[in-house]
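In this text the structure is predicted, and so the values were computed from the model without any measurement.
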Amino acid sequence: MSNPSPPSKPKQLFIPPEDRKTSKSGIFSLSIAVITMLGYIILASLGTSMIEPYITPDGTIIPPQEALENLSVLAAVFIVIVVLNLAGLILGIIGSMNKNSKRAIAVVGSIINGVVLFTILSMFVFVLNG
């Protein structure tokens with residue numbers, strides 16, 4: 001006679017909320033949101049303080065070549081922060097779709113990243129259109 005095999009455990013489909021862990025991608029999303037907001041504030045203050053001495057009374061800006069090079073570095077950092085903000089938004093969305101973990105921090109991170117990204121990009125478009 002053959003030995004009967006032990007019954008296999010059924011997969012647990014429902015995990016109670018108190019047993020769920022916080023989503024790691026949600027934590028990363030929220031921390032990226034805070035870092036990018038601080039980055040935008042620092043970039044705005046640095047850019048303003050760098051260009052302010054070269055504004056003439058009639059409103060034109062005549063910066064020397066050295067200031068233009070420094071502003072181009074700030075523009076490159078701005079692009080990196082925008083990409084980081086977009087990555088935070090994507091991580092927040094991924095974390096909020098995970099059914100086996102808590103989603104509150106992921107939802108907050110994705111909302112903050114989305115609002116900040118939309119605000120910065122809309123201000124950028126408004127400035128470019130004059």
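- Note that the CD1 atom of I27 and the CD1 atom of I32 stand 12.0 Å from one another [nearest 0.5 Å].
- In summary, the side chains of S110 and N113 do not present any donor paired with an acceptor at a separation below 3.5 Å, with no hydrogens or angles considered.
- Side chains of I120 and N85 form no contact here, defined as non-hydrogen atoms less than 4.5 Å apart.
- L43 is connected to F124 through a chain of hydrophobic side-chain contacts under 4.5 Å among Ile, Leu, Val, Met, Phe, Trp and Tyr, so both are in one cluster.
- Linking ILVMFWY side-chain heavy atoms closer than 4.5 Å, directly or via other members, places L38 and F78 in two distinct hydrophobic clusters.
- Under the side chain to side chain contact (heavy atoms under 4.5 Å, CB included) criterion, L121 pairs with V82, L117, sequence neighbours left out.
- When all heavy atoms of M50 and L74 are compared, the pair lying nearest together is SD-CD1, 3.5 Å.
- The two residues G109 and A33 come nearest to each other via the heavy atoms O-CB, 4.4 Å.
- In this structure, I35 CD1 and I42 CD1 are separated by 11.0 Å, a value rounded to the nearest 0.5 Å.
- Under a hydrophobic clustering in which Ile, Leu, Val, Met, Phe, Trp and Tyr are joined whenever their side-chain heavy atoms come within less than 4.5 Å, directly or via other members, I111 and I93 fall into different clusters.
- Rounding to the nearest 0.5 angstrom, the gap separating the CD1 atom in I90 from the OG atom in S25 is 12.0 Å.
- With rounding to the nearest 0.5 angstrom, the CZ atom of R103 is 10.0 Å from the OG atom of S23.
- Nearest approach of P63 to L68, heavy atoms of both residues: CG-CD2, 3.6 Å.
- Here the shortest heavy-atom pairing between I55 and I61 reads CG1-CG1, 4.0 Å.
- Between S96 atom OG and I94 atom CD1 the span is 9.0 Å, to the nearest 0.5 Å.
- Under a hydrophobic-cluster definition in which Ile, Leu, Val, Met, Phe, Trp and Tyr are linked whenever side-chain heavy atoms come within less than 4.5 Å, directly or via other members, V116 and I81 are assigned to the same cluster.
- Closest heavy-atom contact between T119 and V115: OG1-O, 2.7 Å.
- Under the 4.5 Å side-chain heavy-atom criterion for grouping Ile, Leu, Val, Met, Phe, Trp and Tyr, Y40 is connected to L128 within one hydrophobic cluster.
- Counting heavy atoms from C-beta on, the side chains of S101 and N98 come closer than 4.5 Å.
- Side chains of M37 and I112 form a contact here, defined as non-hydrogen atoms less than 4.5 Å apart.
- Of the inter-residue distances, the one linking L71 atom CG with Y54 atom OH reads 9.0 Å to the nearest 0.5 angstrom.
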